[in-house]
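Here's the structure we're looking at; comments come further down.
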2 protein chains.
Amino acid sequence: MDARGEPHRTPASLAHRVPDLGALELLLAVARLGSLGGAARELGITQPAASSRIRSMERQLGVALVDRSPRGSRLTDAGALVTDWARRIVEAAEAFDAGAQALRDRRDSRLRVAASMTIAEYLLPGWLLALRAARPDTAVSLHAGNSAAVAERLLSDDADLGFVEGLAVPTGLDSVVIAHDHLIVVTAPDHPWARRRRPLAADELAATPLILREKGSGTRQVLDAALGGLARPLIELSSTTAVKAAAVSGAGPAVLSELAVGEELSLRRLVSVPLSEVSLARDLRAVWPTGHRPTGPARELLSLTRG
Amino acid sequence: MDARGEPHRTPASLAHRVPDLGALELLLAVARLGSLGGAARELGITQPAASSRIRSMERQLGVALVDRSPRGSRLTDAGALVTDWARRIVEAAEAFDAGAQALRDRRDSRLRVAASMTIAEYLLPGWLLALRAARPDTAVSLHAGNSAAVAERLLSDDADLGFVEGLAVPTGLDSVVIAHDHLIVVTAPDHPWARRRRPLAADELAATPLILREKGSGTRQVLDAALGGLARPLIELSSTTAVKAAAVSGAGPAVLSELAVGEELSLRRLVSVPLSEVSLARDLRAVWPTGHRPTGPARELLSLTRG
DNA sequence: ATGAGGGCATAACCTGTCTTTATGAGCAGC
DNA sequence: GCTGCTCATAAAGACAGGTTATGCCCTCAT
């Protein structure tokens with residue numbers, strides 16, 4: 001323990017300051033049902049367990065969350081706020097769970113989906129969650145890979161529906177555009193480009209070394225096409241996350257899907273640089289073997305993706 | 001165990017299917033550092049603990065996450081995907097933590113913020129996270145209430161900076177617009193309005209009983225002003241969450257801030273109904289006592305909110 | 001080649017948290 | 001005043017996750 005009240009240097013990781021998922025779920029149930037015992041029943045635990053768990057959560061957070069009365073429990077003001085923040089965590093966990101479940105069901109599932117990385121990372125969990133709500137008994141399996149791998153799985157009948165983000169639709173597949181994505185140029189907030197008001201022109205972008213995904217990635221293909229194959233790499237990294245991390249740390253400007261940097265932009269860890277003359281839009285498409293129009297669960301999933 | 005492979009009726013709550021936060025943080029550290037032992041050191045645990053924890057996470061998910069080799073550990077394809085989903089949970093947990101910490105520091109903090117509910121729920125955690133990144137040593141306290149309560153706190157010097165979402169700026173306060181919010185009409189996907197292509201007119205909206213926040217709430221004020229005080233309540237509920245839940249369950253159309261329903265819209269649990277002739281825009285403003293321009297941390301927080 | 005070092009696995013043991021069961025007490029409505 | 005709902009407290013057991021102590025494998029440099 002620190003003897004004097006100085007701030008800890010090792011701030012006891014998040015897991016020690018944030019209640020675990022079970023406690024958060026319990027809190028949501030209490031908020032919804034207005035009763036500790038009721039929430040306990042819903043989660044299949046006993047009332048004392050629920051009471052003690054909520055109490056220890058209040059101790060951990062240092063804030064009273066519920067007003068307990070002999071005829072029920074209501075949230076305090078702070079409790080209502082905490083509950084809303086907790087809901088965010090639980091929703092992220094639900095998306096995680098939907099994805100993990102699809103990943104686990106390696107074979108013999110009723111709906112087999114193949115998707116390229118960006119879509120699998122950022123969009124599919126939400127869709128799977130919605131699909132599960134609409135068709136709880138449909139088991140879904142997911143395989144992630146690049147466009148070519150998706151096409152191969154579809155053509156060898158190892159997948160029922162695919163999602164790709166490339167420029168061209170692989171031959172032998174039919175497709176429909178389900179969304180549009182834009183690549184954007186981002187920098188750390190202290191980079192000179194971050195303060196720039198005048199849009200960046202294509203030749204400026206092409207002349208500047210950038211943090212990029214490796215050649216062959218969907219992102220890189222679109223950028224090279226837009227600049228005429230001229231993009232100069234400062235570093236080449238093999239995952240979106242690595243590119244983001246490098247950009248945040250100030251290594252230089254990076255080119256990324258807007259899907260990947262929503263959080264970073266809103267927290268201003270990264271700043272978007274305006275572009276002119278360059279269209280870095282790309283279509284996100286659902287694909288299937290020519291002729292085999294999606295039916296059943298595949299059709300349902302497809303309809304969920306077009307909002 | 002179920003004897004036959006029927007789906008469980010009690011699907012062992014989320015917490016049993018999603019690894020806990022500590023495990024997810026560990027996985028992120030392994031992904032970043034490429035080594036179990038390194039990740040263990042970073043989190044202040046021993047290498048066997050990290051190894052066992054990752055292993056039990058793989059058992060829980062039924063998917064191999066890392067390739068362990070005598071010269072380090074790399075993520076598998078599935079592991080990369082899982083790691084990205086895990087990052088979402090951890091980010092939500094960081095926002096939760098930032099908010100909770102602000103809620104805990106009831107007094108004597110360097111920066112005291114008062115905010116109305118919608119802002120406190122949906123925007124502040126992200127800002128606090130960014131502020132913590134920029135100024136790690138600034139202790140922030142947060143108090144949530146309606147516009148009048150925010151004004152009172154500022155004027156009695158119980159808060160340094162406020163955020164309100166009403167139509168008018170309380171007297172005695174200066175303000176700056178930091179963002180715009182729109183109220184939108186939403187319904188469950190199976191409601192007749194969900195398929196509507198023709199925009200809804202003001203009189204139609206005013207003629208229809210709606211699920212609303214109680215009179216006096218910021219949301220209700222804006223709606224009543226836009227419709228000339230004519231909104232007909234179907235039910236009045238005292239929290240955004242309750243309104244959302246009622247709308248999702250199909251009770252009828254609801255009017256809510258677009259900030260509150262992002263997730264529901266993208267998962268199509270709710271559908272937005274187009275409006276015409278009605279402007280339900282409202283400004284989100286930062287406020288402070290007239291004359292006392294924000295300085296120091298308050299100024300910094302303010303600058304973070306204007307993206 | 002060979003020794004040093006980094007990286008992972010296994011085993012035995014400890015501890016804290018969460019759980020259940022059992023019981024008591026406050027408030028409402030008939 | 002009884003019945004039924006609520007929540008609180010106490011004692012005891014189960015289990016997950018942590019630690020220390022080893023050992024094996026691979027790579028790199030001497």
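Just so we're on the same page: letters track the sequence lines, and every chain starts at 1.
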Inset, instruction - Please determine if Glu42(B) and Arg32(B) form a salt bridge, counting it only when a charged side-chain N lies under 4.0 Å from a carboxylate O. - result: yes
Inset, instruction - Identify whether the distance between the nearest side-chain nitrogen and carboxylate oxygen of Asp97(A) and Arg17(B) falls below 4.0 Å. - result: yes
Inset, instruction - State, without any angle test, whether Asn146(A) and Ser217(A) hold a side-chain donor-acceptor pair at a distance under 3.5 Å. - result: no
Legend entry - Side-chain N,O (Arg41(B)) to OP1/OP2 (dG7(C)) below 4.0 Å: yes
Inset, instruction - Inspect the surroundings of CG in Asp20(A) and state if more than 12 heavy atoms from other residues, nucleotides or ligands are less than 6.0 Å away. - result: yes
Inset, instruction - Begin from the C-alpha positions of Tyr122(B) and Arg88(A) and carry the test side-chain contact (heavy atoms from CB on, under 4.5 Å) through to its verdict. - result: CA-CA 10 Å; Tyr122(B) 295 99; Arg88(A) 299 296 221 316; 3.1 Å; yes
Legend entry - Interatomic distance where CZ belongs to Arg55(B) and P belongs to dT10(C) [whole Å]: 5 Å
Legend entry - Ion pair Lys244(B)/Glu264(B), N-O distance below 4.0 Å: yes
Legend entry - Side-chain ion pair, Arg53(B) and Glu58(B), N-O less than 4.0 Å: no
Inset, instruction - Rounded off to whole Å, could you give me the CZ-to-P distance for the Arg59(B) and dC15(D) pair? - result: 13 Å
Inset, instruction - Mind listing the residues from residues 24-38 of chain B sitting with a heavy atom below 4.0 Å of DNA chain C? Number order is fine. - result: Ser35(B), Leu36(B), Gly37(B)
Inset, instruction - Any chance you could lay out the side-chain contact (heavy atoms from CB on, under 4.5 Å) test for Ile89(B) and Val18(B), step after step, and finish with the verdict? - result: CA-CA 10 Å; Ile89(B) 301 180; Val18(B) 177; 4.1 Å; yes
Pull out every protein N or O sitting under 3.5 Å from an N or O of nucleotides 15-20 of chain C, one pair per line with the distance.
residue: dT19(C); atom: OP1; partner: Arg53(A); partner atom: NH1; Å: 3.4
residue: dT20(C); atom: OP2; partner: Thr46(A); partner atom: N; Å: 3.0
residue: dT20(C); atom: OP2; partner: Thr46(A); partner atom: OG1; Å: 2.7

